[in-house]
Amino acid sequence: MTIAPDIRCPCLSGEIYAACCGRYHRGARTAPTAEALMRSRYSAFALGLEQYLRGSWHPSTRPDSVDLDDDTRWMRLDIEDVRRGGPADSDGVVRFTAIYRDADGGHRLTETSRFVRERGVWFYVDGIHT
């Protein structure tokens, strides 16, 4: 799926896509915080950007592929809590709830995700679903 750069970003930050997650997806910048990476990964799921998802996954936990279902529509992202994960931190935790629809109806995914920053780049490590 593609999105026009002047459309509101799927992560619901309120910014337009090009000025928000689009710059990370294009490789123009890396996410400066764990929360920014979380938002960009949500948008990547919404847009079907497997390469970005794999590239933002820490090599120690990165899967061989990411199963993206064309029938899944990501509707909303709510950031619930952020611990650490700032520009000067080496790790962070982001708790979020994502609302989505698939062939079986509407669902909520609540996860506490762990992130690490290595050589100035944030990576998703893993998450616990609750």
Side-chain angles (χ1 to χ4, degrees):
M1 173 187 262
T2 58
I3 185 171
D6 60 343
I7 298 297
R8 193 169 101 173
C9 192
C11 80
L12 301 181
S13 66
E15 298 289 330
I16 63 168
Y17 175 69
C20 192
C21 297
R23 59 190 163 173
Y24 310 134
H25 294 165
R26 287 189 318 274
R29 289 192 56 198
T30 60
T33 65
E35 180 180 349
L37 182 61
M38 175 63 244
R39 288 181 175 281
S40 71
R41 285 177 54 82
Y42 170 86
S43 292
F45 272 103
L47 298 171
L49 304 176
E50 180 181 7
Q51 184 175 344
Y52 180 83
L53 290 167
R54 289 196 70 250
S56 63
W57 216 307
H58 193 270
S60 68
T61 57
R62 181 183 299 144
D64 291 333
S65 64
V66 179
D67 184 22
L68 298 174
D69 183 350
D70 290 339
D71 293 330
T72 300
R73 296 203 32 102
W74 296 93
M75 311 299 288
R76 191 174 88 215
L77 174 67
D78 295 324
I79 302 295
E80 316 252 340
D81 187 31
V82 177
R83 286 177 273 145
R84 298 181 48 80
D89 294 322
S90 60
D91 59 60
V93 175
V94 178
R95 180 177 166 79
F96 70 91
T97 297
I99 309 298
Y100 67 97
R101 290 193 172 282
D102 63 14
D104 296 325
H107 307 277
R108 315 176 78 80
L109 169 68
T110 300
E111 180 177 298
T112 301
S113 299
R114 293 186 315 134
F115 297 85
V116 295
R117 188 169 68 97
E118 295 179 351
R119 292 186 283 292
V121 178
W122 282 102
F123 293 95
Y124 169 78
V125 176
D126 59 20
I128 298 170
H129 296 201
T130 54

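When reading the values below, keep in mind they use all heavy atoms of this one structure, side chains included, and skip hydrogens, waters and symmetry mates. Positions are given from 1, in the same order as the sequence printed here.
Of all non-hydrogen atoms in G120 and T30, the two that sit nearest each other are O-OG1, 4.2 Å. Residues F123 and G55 share a closest heavy-atom pair of CE2-O, 3.7 Å. Minimum interatomic distance between C11 and S43 (heavy atoms only, all atoms of both residues): N-OG, 3.2 Å.
No more than 12 heavy atoms of other residues, nucleotides or ligands sit less than 6.0 Å from atom CZ of R101. Atom CD1 of I128 is surrounded by 12 or fewer heavy atoms from other residues, nucleotides or ligands within 6.0 Å. Applying the 6.0 Å contact sphere to CG of D6 captures more than 12 heavy atoms from other residues, nucleotides or ligands.
Put simply, the side chain of T112 reaches to within 4.5 Å of the side chain of R83, judged on heavy atoms. In this structure, R39 and S13 have side chains that are in contact, with non-hydrogen atoms separated by less than 4.5 Å.
Under the 4.5 Å side-chain heavy-atom criterion for ILVMFWY residues, no single connected hydrophobic cluster contains both V125 and V82. Linking ILVMFWY side-chain heavy atoms closer than 4.5 Å, directly or via other members, places Y124 and V116 in two distinct hydrophobic clusters. Tracing side-chain contacts under 4.5 Å through hydrophobic residues (I, L, V, M, F, W, Y), one reaches V66 starting from M38; they form part of the same cluster. Hydrophobic clustering of Ile, Leu, Val, Met, Phe, Trp and Tyr side chains at less than 4.5 Å, counting indirect connections, keeps L77 apart from I16. Cluster annotation: L109 and Y42 are assigned to the same hydrophobic cluster (Ile/Leu/Val/Met/Phe/Trp/Tyr, side-chain heavy-atom contacts under 4.5 Å, transitive).
For Y24, there are no ring-ring contact (aromatic ring centres under 6.0 Å, His included) partners at least two apart in sequence or on another chain. Partners of T97 by side-chain hydrogen bond (donor to acceptor under 3.5 Å, both in side chains), not counting sequence neighbours, listed by chain and number: E80, T110. With sequence neighbours left out, E118 forms a side-chain hydrogen bond (donor to acceptor under 3.5 Å, both in side chains) with H58. By the side-chain hydrogen bond (donor to acceptor under 3.5 Å, both in side chains) test, Y52 pairs with S40, sequence neighbours left out. Residues passing the side-chain hydrogen bond (donor to acceptor under 3.5 Å, both in side chains) test with D71: none are found, sequence neighbours excluded. Under the rule for a salt bridge (Lys or Arg N to Asp or Glu O under 4.0 Å), E111 has no partner lying at least two apart in sequence or in another chain.
The CZ atom of R84 lies 5.5 Å from the OG atom of S90; values are rounded to the nearest 0.5 Å. The distance from the OG atom of S56 to the CH2 atom of W122 is 13.5 Å, given to the nearest 0.5 Å. The CZ atom of R23 sits 9.0 Å away from the SG atom of C9 when rounded to the nearest 0.5 Å. For the atom pair OG1 of T130 and CZ of R95, the computed distance is 4.0 Å after rounding to the nearest 0.5 Å. For the atom pair NE2 (H107) and OG1 (T72), the distance works out to 8.0 Å, reported to the nearest 0.5 Å. Rounding to the nearest 0.5 Å places CG of L12 at 10.5 Å from CD1 of I99.
With hydrogens and angles disregarded, no donor-acceptor distance shorter than 3.5 Å links the side chain of R54 to the backbone of E50.
Applying the side chain to side chain contact (heavy atoms under 4.5 Å, CB included) test between F115 and each of V94, D89, D126, T33 identifies V94 as the sole match.
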> Checking side chain to side chain donor-acceptor pair (under 3.5 Å) for the pair S113/R41: CA distance, chi angles, key distance, verdict?
Replying inline: CA-CA 11 Å; S113 299; R41 285 177 54 82; over 6 Å; no
> Is there a side-chain contact (heavy atoms from CB on, under 4.5 Å) between R114 and D91 once you walk through the steps?
Replying inline: CA-CA 7 Å; R114 293 186 315 134; D91 59 60; over 6 Å; no
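The aromatic rings of W74 and Y100 sit tilted, their planes meeting at an angle between 30° and 60°.
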